[in-house]
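So the structure is just underneath, and the comments pick up after that.
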Amino acid sequence: MLLHPAGHTRSPAMHRAAYDALGIDAVYLAFDVPPERLEDAIRGARALGARQISVSLPHKEAVLPLLDAVDETARRIGAVNTIVRTGERLVGHNTDWLGAVQAIERERSLGGARAVVLGAGGAARGVVFGLLERGAHVTVLNRTADRAHALARALGAHGSGSLDEIGSIGFDVLVNTTSVGLRSDESPVPAAAIAAGALVMDAVYEPQRTRLLRDAQARGARTLGGKWMLVLQAAEQLRLWTGREAPLDVMAAAFDRASPYPP
Ligand SMILES: NC(=O)c1ccc[n+]([C@@H]2O[C@H](COP(=O)([O-])OP(=O)(O)OC[C@H]3O[C@@H](n4cnc5c(N)ncnc54)[C@H](OP(=O)(O)O)[C@@H]3O)[C@@H](O)[C@H]2O)c1
């Protein structure tokens with residue numbers, strides 16, 4: 001795994017637990033790679049014969065031109081979080097979008113749903129792509145409205161605007177992909193904007209019960225933390241790398257054990 005700064009990533013714990021459960025003889029290591037060393041790191045991974053490489057912040061876009069091929073989905077999203085080595089070739093994929101969509105689909109179907117995505121950064125790109133793939137009607141709202149407009153145009157979302165427009169837009173599904181709430185007790189939107197009956201997912205998973213999710217629950221909405229999005233994207237990585245179905249409960253339990261925040 002290549003990321004910077006290394007911080008407290010849950011990925012090694014989840015993948016190692018899966019390898020143990022499946023009897024796969026492999027190790028999964030996190031390497032702190034600053035942006036100016038990414039090219040060296042990819043060259044090193046090639047030389048060392050690394051078979052499976054995760055790519056995390058801030059490298060998901062910069063890694064594309066360093067690979068031998070990028071699959072169609074990752075190219076459309078514009079970000080790679082998974083590299084698979086086939087022979088001598090390094091091929092880029094994106095599993096973030098599927099993690100987000102599968103997490104939501106554990107709760108409800110997305111076809112025809114009115115979805116609002118908060119944020120226009122890296123996580124938003126995958127989430128918006130996934131919601132559109134599943135046939136949702138998607139509006140992107142962001143602090144910097146121009147970035148929301150640009151993302152909506154690039155991926156074909158139906159609407160875009162600034163965060164304060166949340167009060168005037170009805171939705172069935174709300175997904176927060178801003179970093180608001182990350183290790184803080186803040187929410188990107190006022191509680192009053194959330195209607196009972198909506199499904200609210202927060203991509204933020206530190207803490208697992210963010211202010212947004214507590215507000216949503218108090219308003220009578222259903223809530224979903226970022227844990228399952230992370231576990232399910234890791235499960236898809238494992239499937240791409242090994243062809244095996246991931247032991248989801250084992251990976252989720254490893255996430256909880258590695259997390260400084262209670263479920
Ligand atoms: N659960 C998962 O699997 C998963 C996967 C990926 C990411 N995440 C989480 O998603 C979050 C975002 O990640 P990212 O990669 O998309 O980051 P990013 O590319 O840096 O984007 C950050 C987004 O947050 C917005 N933002 C930042 N500070 C804000 C503030 N004070 N008020 C309003 N908006 C603010 C930014 O708006 P501007 O454009 O206006 O700056 C931008 O839209 C992180 O917390 C990350 O941990 C979770």
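Here the structure is a predicted model, which is why all the values come from computation and not from measurement. In each ligand, atom 1 is the first atom listed, and ligand 1 is the first ligand listed. Excluded from the calculations below are hydrogen atoms, water molecules and symmetry mates; all remaining heavy atoms, backbone and side chain alike, are included.
Residue-ligand proximity, L163 to ligand 1, at heavy-atom distances under 4.0 Å covers atoms 33 (C). Within ligand 1, the atoms closer than 4.0 Å to a non-hydrogen atom of G119 are 43 (O), numbered from 1 in the order shown. Residue Y205 has at least one heavy-atom neighbour below 4.0 Å for each of these atoms of ligand 1: 1 (N), 2 (C), 48 (C). Within ligand 1, the atoms closer than 4.0 Å to a non-hydrogen atom of T178 are 11 (C), 23 (C), 24 (O), 25 (C), numbered from 1 in the order shown. Near V180, the atoms of ligand 1 lying under 4.0 angstrom from a non-hydrogen atom of the residue are 29 (C), 30 (C), 31 (N), 32 (N), 33 (C), 34 (N), 35 (C). Per-residue contacts place G226 under 4.0 angstrom from the following atoms of ligand 1 (heavy atoms of the residue considered): 1 (N). In summary, the atoms of ligand 1 found under 4.0 Å from a heavy atom of G121, numbered by their order in the structure, are 16 (O), 19 (O), 21 (O), 43 (O).
Checking each of T177, T178, N176 against D202 for a side-chain hydrogen bond (donor to acceptor under 3.5 Å, both in side chains) leaves exactly one that passes, namely N176.
When all heavy atoms of H4 and P35 are compared, the pair lying nearest together is CD2-CD, 3.9 Å. Here the shortest heavy-atom pairing between T82 and W241 reads CG2-NE1, 3.7 Å.
An N or O contact shorter than 3.5 Å links T144 to ligand 1 by distance. Close N/O approach between S179 and ligand 1 is found [any backbone or side-chain N/O within under 3.5 Å]. The shortest N or O to N or O distance between A203 and ligand 1 is below 3.5 Å.
Q233 and N94 share no side-chain donor-acceptor pair at under 3.5 Å. Inspection of the T95 and N81 side chains reveals an N or O donor paired with an N or O acceptor under 3.5 Å.
Counting heavy atoms of neighbouring residues, nucleotides and ligands inside a 6.0 Å radius, atom CZ of R51 does not exceed 12 of them.
Contact analysis puts R147 in contact with ligand 1, with a non-hydrogen atom separation below 4.0 angstrom. Not a single heavy atom of D96 lies less than 4.0 angstrom from ligand 1. Judged by the shortest distance from any of its heavy atoms, A120 lies inside the 4.0 Å radius around the atoms of ligand 1.
Cation-pi contact between R106 and W228: present, with separation from the ring centre below 6.0 Å and deviation from the ring axis of at most 45°.
Ranking the protein heavy atoms by distance from atom 13 (O) of ligand 1 puts A123 CB, 4.0 Å first. The single protein non-hydrogen atom nearest to atom 36 (C) of ligand 1 is N142 OD1, 4.0 Å, given as residue, atom name and distance. The closest protein non-hydrogen atom to atom 45 (O) of ligand 1 is V204 CG2, 3.5 Å.
Atom 33 (C) of ligand 1 is approached by the protein to below 4.0 angstrom, counting heavy atoms only. Protein heavy atoms are absent from the 4.0 Å sphere centred on atom 47 (O) of ligand 1. Shown here, atom 17 (O) of ligand 1 is out of close reach of the protein: none of its heavy atoms lies under 4.0 Å off.
Note: the hydrophobic cluster containing L64 also contains L66 (ILVMFWY, side chain heavy atoms under 4.5 Å, direct or indirect links). By the criterion of side-chain heavy atoms lying less than 4.5 angstrom apart, applied directly or through intervening Ile, Leu, Val, Met, Phe, Trp or Tyr residues, V127 is grouped together with F129 in one hydrophobic cluster.
Of the charged side-chain nitrogens involved, at least one lies within less than 4.0 Å of a carboxylate oxygen, so that R239 and E236 count as a salt-bridged pair.
Ring pair Y28/H15 is parallel by interplanar angle, where below 30° counts as parallel and above 60° as perpendicular.
Between D256 and Q208, the closest side-chain pair of non-hydrogen atoms falls below 4.5 Å.
Of all the heavy atoms of M229, the ones lying under 4.0 Å from any atom of ligand 1 are found in both the backbone and the side chain.
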